[in-house]
Peer 1: 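Here it is: the structure, laid out below.
Proteins come first, then strands; the chains are lettered A, B, ... in the order of their sequence lines, and each starts at number 1. The analysis underlying the following values was restricted to heavy atoms, covering all of them including side chains, and did not include hydrogens, waters or symmetry mates.
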2 protein chains.
Amino acid sequence: MDEPRARLSFAALSQETRLGIVRTLVVTGPGGMAAGAIAEKVGVSPSNVSFHLKELERAGLVAQRRESRSIVYSARYDALADLVTFLMEDCCVGHPSVRASLNERASCRSTSPASDESGTL
Amino acid sequence: MDEPRARLSFAALSQETRLGIVRTLVVTGPGGMAAGAIAEKVGVSPSNVSFHLKELERAGLVAQRRESRSIVYSARYDALADLVTFLMEDCCVGHPSVRASLNERASCRSTSPASDESGTL
DNA sequence: TCCATGTTTCAATGATCCTAAAACAATTCA
DNA sequence: TGAATTGTTTTAGGATCATTGAAACATGGA
């Protein structure tokens, strides 16, 4: 992930409504959710959710597909992982101090439960 | 890390100059760098770097200390690690798909080279 | 056609960013 | 001590960008 894209992603996640949308879509899974349902879930108007979804798509954090009448949005897990990687490797320059802090928390387990009820991508 | 703080951090990193400052300070190490030196390094005016440093401090990403005449700024590695953790665990809700993407890249190695010559930018 | 669902446009408000000048703080030296 | 120097912050201003709700527009299904 290049820096401009990363900054676009950071800007996208710095907005309360957009962060809420991303979290909703991540939990929802690859199946995604229609724009209207997202609006209801996060409690904003359809036009507002449309605006923010466009912003999230510009940042590459969500994908859209038409499904009958609805346009269904889903989280792009690869892009989110890209962003985590950028934050660690490029922004933090893979600094040992950050690595150390992360390892202390055991946030990276090689033995993931891999409970795939929300599906693989 | 709570969500408002995380969003503040994302907003801070979404700005080109501020991201440059953070990267510079991360590479510099715990010793830090005086505000004037940072301004010269990233190529902005002293007043401008002061403005952005204040913003970064508000987000908790940098710390400052007076050293003789200069005010020396340094990266807060714990806060950066907090942000990485938030992005993985809270924002991405610890989703297996993100974990999987990260593990594939072997971004989390317990045996880091730990070459701390504060390398190339 | 009619209705439901999404999207776009628009104008207003508010936030952010930058430059330059002035103010402030701490140190050095006469 | 007191003035000059160095380093940093604050302020003022104007420009640019982001955010919002309302309303108009487009599209797919009954």
Peer 1: Does A:Glu55 form a salt bridge (Lys or Arg N to Asp or Glu O under 4.0 Å) with A:Arg58? I'd like the steps, not just the answer.
Peer 2: CA-CA 5 Å; A:Glu55 206 67 9; A:Arg58 190 163 70 95; 2.7 Å; yes

Peer 1: Closer than 4.0 Å, any side-chain N/O of A:Asn48 to the OP1 or OP2 of D:dT19?
Peer 2: no

Peer 1: Given C:dT7, D:dT8, C:dT27, which nucleotide is nearest the side-chain atoms of A:Tyr73?
Peer 2: C:dT7

Peer 1: As a test of reading the structure: which of D:dT8, C:dC17, D:dG28 is closest to the side chain of B:Arg18, going by heavy atoms?
Peer 2: C:dC17

Peer 1: Round to a whole Å and report the spacing from CD of A:Glu16 to P of C:dG14.
Peer 2: 18 Å

Peer 1: Tell me if a side-chain donor or acceptor on B:Ser50 pairs with a main-chain N or O of B:Pro46 at a distance below 3.5 Å.
Peer 2: no

Peer 1: Between C:dT5, C:dC18, C:dT27, spot the one nearest the side chain of B:Gln15, thanks.
Peer 2: C:dC18

Peer 1: To the nearest angstrom, how far is A:Ile71 atom CD1 from C:dG6 atom P?
Peer 2: 8 Å

Peer 1: Given atom CD1 of A:Ile38 and atom P of C:dG6, what is their separation to the nearest angstrom?
Peer 2: 9 Å

Peer 1: Transitively linked via ILVMFWY side-chain contacts under 4.5 Å: B:Leu25 with B:Leu8?
Peer 2: no

Peer 1: Among C:dC17, D:dT8, C:dG6, which nucleotide sits nearest the side chain of B:His52?
Peer 2: C:dC17

Peer 1: Please tell me if A:Ser70 has a side-chain N or O lying less than 4.0 Å from either OP1 or OP2 of C:dG6.
Peer 2: yes

Peer 1: Nearest whole angstrom, please: distance from the P of D:dT9 to the CG of B:Leu56.
Peer 2: 12 Å

Peer 1: Rounded to whole angstroms, how far apart are CG on A:Leu53 and P on C:dG6?
Peer 2: 11 Å

Peer 1: Take B:Ser47 and A:Lys54, find for each the nucleotide of DNA chain C with the closest heavy atom, and name the residue whose nucleotide sits nearer the 5' end.
Peer 2: A:Lys54

Peer 1: Can you measure B:Ile21 atom CD1 to C:dC17 atom C1' for me and round it to whole angstrom units?
Peer 2: 13 Å

Peer 1: What's the closest nucleotide to the A:Phe51 side chain, out of D:dT19, C:dC18, C:dT7?
Peer 2: D:dT19

Peer 1: Of all the nucleotides listed (C:dG6, D:dT8, C:dA4), which has the minimum atom distance to the side chain of A:Arg69?
Peer 2: C:dA4

Peer 1: To the nearest angstrom, how far is B:Arg58 atom CZ from D:dT9 atom P?
Peer 2: 16 Å

Peer 1: Round to a whole Å and report the spacing from CD of B:Glu55 to P of C:dC17.
Peer 2: 6 Å

Peer 1: Same cluster or not: B:Met1 versus B:Val84, using hydrophobic residues (I, L, V, M, F, W, Y) connected whenever any side-chain heavy atoms lie under 4.5 Å apart?
Peer 2: yes

Peer 1: B:Ala35 side chain: which of C:dT19, D:dT8, D:dT20 is closest?
Peer 2: D:dT8

Peer 1: So what does A:Ala11 hit on the nucleic acid, given a heavy-atom distance under 4.0 Å: a base, only sugar-phosphate, or nothing?
Peer 2: nothing

Peer 1: Mapping B:Arg66 and A:Glu67 to their closest nucleotides on DNA chain D, which lands nearer the 5' end?
Peer 2: B:Arg66

Peer 1: Got more than 12 heavy atoms from elsewhere within 6.0 Å of CD, B:Glu40?
Peer 2: no

